[in-house]
Trainee: 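Please read through the structure below; I'll follow up with questions.
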Amino acid sequence: MRSLGLVLALCAACGSTSTDAPRPSGEASAPEQTRVVPSDAVKGKPTSAPGPKRRVSRDLIAEAGRAELRAGGVFVDVGTIDQHKYSRGGWMSGWGRNQLDGETTVARIDGRSAFLDVVLERPAAEIVVRAKGRGSLGVSVGASRSKGGAKKNSLSGEYTVLRYSMGTSLPPGRHRISLHGKRANVDWVWIAESAEASPPSVARVEKGELRLSAAGSYEFYLIPERGSLLEIDAEVGASLTITAERDGRDPQVLASSAADLEKPIDLADLVGDPIRLRISADGPTRFTRLAITQPLPVSKPLGAKPKNVLVLLIDTQRADSFSIVGKDIGATAYESLVAKSSTFRNAYNNENWTKPSIATIDTGLYPGTHGARWRKDRCSKDLVFLSEYLQEQGFATAAMVSNISAGPKFGFNQGWDSFEKTDNAAQAFGRAAKWLEERKGDKPFFLYVQTIDPHVPFSVPEGSAEKLFGGPYTGKLGPTFEQSEEDALNEGKLKLSEYDARWLKALYNAEVLYHDSQLGIFLKELESKGTLRDTAFIILNDHGEEFGEHGRWGHGWTLGDALYRSPLLMHLPGFFPAQTFEEVVEHIDIAPTIVDALGLPEMTTAQGESLLPLLHDKERTSRAPYSALLYGRPKQRAIRVGDYKMLLQANRTQQLFDMAEESAQKTDVKDSHPIALRLCELAMGEAIANPRRSERLQDQSSRPKIRPEYIDE
């Protein structure tokens, strides 16, 4: 079987249509190579005073599948993880399920055509494809995906190398390569810079080594963290150059000679910026170490693990109502917990309305996997809910839920000893306190409270909105705001001035503060009973609310941060550190984190992973890239990576926003930030193709194929 390391083991000479030549059985004799190792690694003994211990945060050899390989053109190893970068992970790109055909990893064209999106740095003269099937295989470039006009070659029952001359060179830039051939199996695609060229044999990742057997480059996209060093152990048979490229900056040469590699390369000047780390060689090169390392943190003693878990989900709560994301509007109960809790400035829901978002929180599955995305969808009984898992582990479980979208009608009553429908925060918190008071025995508990007060209709105590508004309101809206009025806004039947919109936001904030006042009463009850001493208390939302930011009102519409960002807070002094984290996290990680915090066996059905390694900063495998995959309305996806957020429509509408800017999600920067854009594209392709985050962290050079059930339709 061919390894998933980016492999080019291609025929040496091919005509326009030819049978496949045997793959090389070995390497041609290489010129004498120079071995370069970090100076403190020679014979395993340091040659200078020992520095602080370090850990590998990114093993780039193991991550070879994430890198782009350029060797006389762009090479795509179809049917492996390499394909993710060019086909959105298989999402709406025409590709069927990746599979093994004998010992060959291939992808099948599911319908009449499938596409790859590639970025060329130099002109390309020819497209070369290895495939088999019946009939013919056509290739076209550009927006057209029709069979007509596509250059065609005949297929056969054996894998055949096919060449397609495009007449004129493809210029540098972004191109869509469409392949037209129903049910054709495709092994690889090479967009060659020279016509009739013999594709070079580029060696695979094997036994922990990464090889370039000819001139070429590996390009890794990443965001260096503070304290990062690049450490290299290589045998170089020709010149080797390592550069770091950033948007809007000149390329920075990190190494251009063997002497430059004798010591680790400090990446301090690149911290926080998306970079393209380009490793180029003019001839055979073998890497036995290619890693980014960081100082090993000092382990901190932790308090006792929690015995119980209490989750508060505030339906329709905007994260920027609180200081961790926006500004404190006076939510004293929530804010009283911030200074003594783990809070997350960049926590994200994975959907923008209640049902799919809560199904993700409950199961640790992306919406594309659990399938409860639309109005009539019901959660399958085959899904494993966190409540079911904890119930099986001996926990008493209870839920107080104020939104019917997360009720029994849609299958959300799985795994609860008690499931109650509530109307408002006062009732929900009151019943939760009563359940805690009346429960019998010493069983640990999992209590889930879902309130809905910030949701329309807005009906608040008299004078509370006026106080936030700064005086009386005399516009077209009344003292309350109903669902019918929100519908009229989205249908264009009701227009609001800036004055009216400010009043509407005041009504919403008054609902937030009313809810917070009820939370304060509940917190005093919990503290008086000593419940919080051994209980993990987690606060989050299911989505936020828009007030015309992207031309819409309410939720369920756009991919805006007002809907997706979460006011995630985890409280248990001594266990959850009192710290605000900047890393991007997502709600599929909530269930695995709770299970890990309780010291229970892994919830293997979940696709997320525990956040405890991040919170406790132990020696760990990097979660890189830190990202959040967002599902929107049909044919919409978004991803947040670092400071950047990419939005994608299936019809190729693509936007990129710098979320660190004041104009976040208003100014599209995709043209001026191609490296940040490509980083987001790679992360999205990988996440869609393989939602199980822990598997994305495995050695990228050896995973055999995408699991069929991971194809996101």
Side-chain angles (χ1 to χ4, degrees), residues 1-28 68-80 82-83 86-87 94-96 98-109 113-116 118 120 123-141 147 150-167 169-170 175 177-204 212-216:
M1 182 191 306
R2 288 184 300 125
S3 163
L4 284 190
L6 303 180
V7 181
L8 278 176
L10 314 180
C11 69
C14 309
S16 295
T17 304
S18 68
T19 58
D20 185 39
R23 293 176 181 270
S25 59
E27 299 287 339
E68 292 193 286
L69 175 61
R70 298 183 186 273
V74 175
F75 175 76
V76 184
D77 193 6
V78 179
T80 75
D82 183 36
Q83 182 189 337
Y86 308 97
S87 66
W95 293 101
N98 291 6
Q99 56 194 295
L100 285 173
D101 186 0
E103 294 187 349
T104 303
T105 50
V106 300
R108 177 170 290 187
I109 299 175
S113 62
F115 70 80
L116 301 168
V118 300
L120 302 180
E126 195 172 49
I127 297 173
V128 188
V129 182
R130 185 176 188 260
K132 83 172 186 180
R134 297 179 180 178
S136 62
L137 182 69
V139 171
S140 63
V141 180
K147 292 178 67 178
K151 299 180 183 300
K152 299 178 181 179
N153 277 320
S154 297
L155 291 167
S156 72
E158 300 296 329
Y159 281 99
T160 304
V161 174
L162 310 171
R163 290 182 175 269
Y164 300 85
S165 174
M166 307 314 296
S169 295
L170 297 180
H175 296 279
I177 310 296
S178 294
L179 286 74
H180 314 279
K182 189 174 182 180
R183 313 306 291 175
N185 281 357
V186 180
D187 181 11
W188 48 257
V189 177
W190 187 49
I191 300 91
E193 295 169 359
S194 301
E196 298 298 325
S198 297
S201 174
V202 179
R204 70 186 81 191
L212 280 167
S213 297

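Heavy-atom basis, side chains included; hydrogens, waters and symmetry copies ignored.
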Trainee: Under the 3.5 angstrom rule, does the side chain of Glu126 hit a backbone N or O of Ile191 as a donor-acceptor pair?
Mentor: no
Trainee: Just so I know, are the side chains of Glu196 and Arg163 near enough to count as touching, which here means a heavy-atom distance under 4.5 Å?
Mentor: yes
Trainee: Working to the nearest 0.5 angstrom, can you tell me the gap between Leu69 CG and Asp77 CG?
Mentor: 9.5 Å
Trainee: Within the structure provided, determine whether Val129 and Tyr164 are in side-chain contact (heavy-atom separation under 4.5 Å).
Mentor: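 Yes, their side chains come closer than 4.5 Å.
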Trainee: Between Glu193 and Leu120, is there a side-chain heavy-atom distance shorter than 4.5 Å?
Mentor: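 Answer no - side chains too far apart.
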Trainee: Would the distance check show the side chain of Asn153 and the main-chain N or O of Gly138 forming a donor-acceptor pair, the cut-off being under 3.5 Å?
Mentor: no
Trainee: Mind checking the NE2-NZ spacing from His180 to Lys152? Nearest 0.5 Å is all I need.
Mentor: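 Between His180 NE2 and Lys152 NZ, I get 9.5 Å after rounding to 0.5 Å.
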Trainee: Side-chain contact, heavy-atom cut-off 4.5 Å: Val186 with Val106?
Mentor: no
Trainee: Any idea which heavy atoms bring Phe115 and Ser87 closest together, and the distance?
Mentor: O-CB, 4.1 Å
Trainee: Apply side-chain hydrogen bond (donor to acceptor under 3.5 Å, both in side chains) to Arg183 and list each qualifying residue two or more places apart in sequence or on a separate chain.
Mentor: Asp110
Trainee: Could you please spell out the steps behind the salt bridge (Lys or Arg N to Asp or Glu O under 4.0 Å) verdict for Asp101 and Lys132?
Mentor: CA-CA 10 Å; Asp101 186 0; Lys132 83 172 186 180; 3.0 Å; yes
Trainee: If we only count heavy atoms from C-beta on, is the Val78 to Asp187 side-chain gap below 4.5 Å?
Mentor: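 No, every pair of side-chain atoms sits at 4.5 Å or beyond.
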Trainee: Mind checking side-chain hydrogen bond (donor to acceptor under 3.5 Å, both in side chains) for Ser156 and listing every partner two or more places apart, or none if nothing turns up?
Mentor: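 With neighbours one apart ignored, the set is Thr160.
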Trainee: Between Ser169 and Pro123, what is the shortest heavy-atom contact and its length?
Mentor: CB-CB, 4.1 Å
Trainee: Using a 4.5 Å cut-off on heavy atoms from C-beta on, say whether the side chain of Trp188 contacts that of Asp82.
Mentor: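 Asp82 does not reach Trp188 side chain to side chain.
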Trainee: Please check: side-chain N/O of Trp95 versus main-chain N/O of Gly79, any donor-acceptor pairing under 3.5 Å?
Mentor: no
Trainee: So do the side chains of Asn98 and Thr80 get within less than 4.5 Å of each other, counting heavy atoms only?
Mentor: no
Trainee: Can you sort out the partners of Ala184 under side-chain contact (heavy atoms from CB on, under 4.5 Å), two or more places apart, ordered by chain and number?
Mentor: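 Scan of Ala184 (side-chain contact (heavy atoms from CB on, under 4.5 Å), adjacent residues dropped) gives Ile109, Leu137, Leu155.
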Trainee: With side chains defined as the heavy atoms from C-beta onward, is the minimum distance between Tyr86 and Ile177 less than 4.5 Å?
Mentor: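 No. Closest side-chain heavy atoms not under 4.5 Å.
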Trainee: Of the non-hydrogen atoms in Ala195 and Ala125, which two are nearest, and what is the gap between them?
Mentor: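 Closest approach of Ala195 to Ala125: N-CB, 3.6 Å.
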Trainee: Return the CZ to CG distance between Arg130 and Leu162, rounded to the nearest 0.5 Å.
Mentor: 10.5 Å
